[in-house]
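Encoded as structure tokens, the structure appears first; notes follow it.
Numbering of ligands and ligand atoms starts at 1, following listing order. The figures that follow rest on heavy atoms only: side chains count, while hydrogens, waters and symmetry mates do not. Source: prediction; values computed, not measured.
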Amino acid sequence: MALSLVVFGPPGAGKGTQASQLGHSRGIPQISTGDILREAVHAGTDLGRQAKTIMDKGELVSDELIVGIIRERLRRDDVEQGFVLDGFPRTVAQAVALDEILTGGDPLVIIELNVSDRALVQRLSARRVCGRCGATYGASDGEPPSICSNCGADLVLRSDDRKEVVLERLRVYQEQTQPLVAFYQDRVTFRSIDGDQSPDAVQTAIDAAIDIMAVTVVREERSSVG
Ligand code: AP5
Ligand code: MG
Ligand code: ZN
């Protein structure tokens with residue numbers, strides 16, 4: 001069975017951290033719409049120019065544009081064994097479109113990461129990213145690092161991690177993405193996880209949730225067959 005995963009949660013919840021880990025451990029690609037848009041900004045494409053203005057304000061890029069990107073991405077061969085979506089869907093319209101794209105496939109497993117607003121603001125003000133290789137760092141011992149341990153380049157604050165943009169991203173999350181909980185919560189493949197623990201503890205909780213859900217899905221499929 002392929003593993004079709006969605007990791008969703010507010011800005012700074014640890015979607016990227018966990019999705020990257022899941023991608024490696026499960027051997028499936030991490031598909032981050034935020035990363036795809038930032039790559040387009042970096043490359044200076046039309047999409048990048050459009051997206052940058054919106055992202056720097058903390059708003060969402062249009063559903064039509066993002067759904068088009070995901071539709072294309074999910075046609076590639078590397079998703080045969082599954083994928084982990086990070087930052088998509090983030091509106092109900094995107095979630096409806098995703099169900100339609102995946103019609104007839106394995107059930108979507110949805111993991112929500114729950115983190116307090118206070119911790120989110122703290123994490124994002126301390127996050128540093130590498131301008132060269134894209135690595136992401138959190139603060140250790142309260143101090144954000146300044147040099148990338150991967151490639152030696154300088155680390156910078158992500159352009160949408162300025163305080164006023166973070167507050168707007170949190171507001172947009174409440175207004176447009178939080179309704180996804182109501183959209184997904186009745187599915188047997190939905191789990192809400194406490195993201196206010198160490199990254200390793202969150203990872204363990206996600207792995208356990210995925211494995212339990214896989215068993216539930218197989219049981220349901222067997223009972224519906226006969
Ligand atoms: P996107 O890049 O997806 O940003 P986001 O949702 O705001 O989330 P972040 O990437 O900021 O946080 P994260 O949850 O990945 O946390 P991370 O693991 O880095 O989107 C950016 C923009 O693109 C959007 O605002 C929008 O404009 C546009 N966009 C993207 N997708 C779109 C879509 N589908 N539709 C429309 N527009 C779209 O962790 C954060 C920090 O905390 C790091 O420093 C990390 O090291 C640290 N950390 C992680 N886990 C823990 C832990 N357990 N304890 C302590 N620290 C931790
Ligand atoms: Mg991210
Ligand atoms: Zn680097």
With respect to atom 23 (O) of ligand 1, which of Arg128, Met55, Arg169 exhibits the smallest heavy-atom separation? Met55
Who gets closest to atom 55 (C) of ligand 1 by heavy atom: Arg123, Gln176, Glu168? Arg123
Between [X] and ligand 1, which residue portion shows a heavy-atom distance shorter than 4.0 Å: side chain, backbone, both, or neither?
| X | value |
| --- | --- |
| Gln94 | side chain |
| Ser198 | backbone |
| Tyr173 | neither |

Tell me if a side-chain donor or acceptor on [X] pairs with a main-chain N or O of [Y] at a distance below 3.5 Å.
| X | Y | result |
| --- | --- | --- |
| Asp196 | Ser116 | yes |
| Thr91 | Gln176 | no |
| Arg187 | Tyr184 | no |
| Arg191 | Val188 | yes |
| Gln50 | Thr45 | no |
| Arg169 | Asp160 | yes |

Measuring from non-hydrogen atoms of [X] to any atom of ligand 1, is the shortest distance under 4.0 Å?
| X | result |
| --- | --- |
| Gly12 | yes |
| Gln18 | no |
| Lys57 | no |
| Gln197 | yes |

Honestly curious: do Met55 and Val67 fall in one hydrophobic cluster under the side-chain, below-4.5 Å linking rule? yes
Side chains of [X] and [Y] in contact at under 4.5 Å (non-hydrogen atoms):
| X | Y | value |
| --- | --- | --- |
| Leu37 | Ile54 | no |
| Leu157 | Arg162 | yes |
| Leu22 | Ile210 | yes |
| Arg73 | Pro29 | yes |
| Arg71 | Glu100 | yes |

Ligand 1 to [X] polar contact by distance, N or O atoms, under 3.5 Å:
| X | value |
| --- | --- |
| Thr136 | no |
| Ala13 | yes |
| Asp161 | no |
| Ile54 | no |
| Val61 | yes |
| Gly14 | yes |
| Thr17 | yes |
| Asp86 | no |
| Ile66 | no |
| Asp160 | no |

Residues pairing under salt bridge (Lys or Arg N to Asp or Glu O under 4.0 Å) where one sits in residues 28-46, two or more places apart or in two chains, turn out to be Asp35-Arg38, Asp46-Arg49
For ligand 1, which atoms, with element, lie under 4.0 Å from some heavy atom of [X]?
| X | answer |
| --- | --- |
| Arg38 | 2 (O), 21 (C) |
| Gly16 | 13 (P), 15 (O), 18 (O) |
| Gly138 | 44 (O), 46 (O) |
| Leu37 | 23 (O), 28 (C), 29 (N), 30 (C) |
| Thr33 | 30 (C), 31 (N), 32 (C), 34 (N) |
| Tyr137 | 44 (O), 46 (O) |
| Arg158 | 1 (P), 2 (O), 4 (O), 9 (P), 10 (O), 11 (O), 21 (C) |

Quick test: of every protein heavy atom, which one is nearest to [atom], and how far off is it to 0.1 Å?
| atom | result |
| --- | --- |
| atom 24 (C) of ligand 1 | Arg90 NH2, 3.7 Å |
| atom 25 (O) of ligand 1 | Glu59 O, 3.9 Å |
| atom 8 (O) of ligand 1 | Lys15 NZ, 3.0 Å |
| atom 19 (O) of ligand 1 | Arg127 NH1, 2.7 Å |

Scan the side chains in residues 2-15 for donor-acceptor partners under 3.5 Å anywhere in the protein, sequence neighbours excluded, and list what turns up.
residue, atom, partner, partner atom, Å
Lys15, NZ, Gly9, O, 3.1
Lys15, NZ, Pro10, O, 3.1

So which heavy atom on Arg76 is nearest to which on Val79, and how close? O-CG2, 3.2 Å
Separation between CZ (Phe83) and CG (Leu74), nearest 0.5 Å, reads 5.0 Å
Does a sphere of radius 6.0 Å around CD in Glu164 hold more than 12 heavy atoms from other residues, nucleotides or ligands, not counting ones at 6.0 Å or beyond? yes
Identify whether the distance between the nearest side-chain nitrogen and carboxylate oxygen of Asp211 and Arg26 falls below 4.0 Å. yes
Could you tell me whether Arg128 and Asp154 make a salt bridge, using a distance below 4.0 angstrom between a side-chain N and a carboxylate O? no
Which of these passes side-chain contact (heavy atoms from CB on, under 4.5 Å) with Leu155: Pro145, Pro144, Ser149? Pro145
Could you tell me which residues satisfy side chain to side chain contact (heavy atoms under 4.5 Å, CB included) with Val96, sequence neighbours excluded, listed by chain and number? Val92, Phe183
The protein N, O or S atoms lying under 2.8 Å from the Zn ion (ligand 3) are Cys130 SG, Cys133 SG, Cys148 SG, Cys151 SG
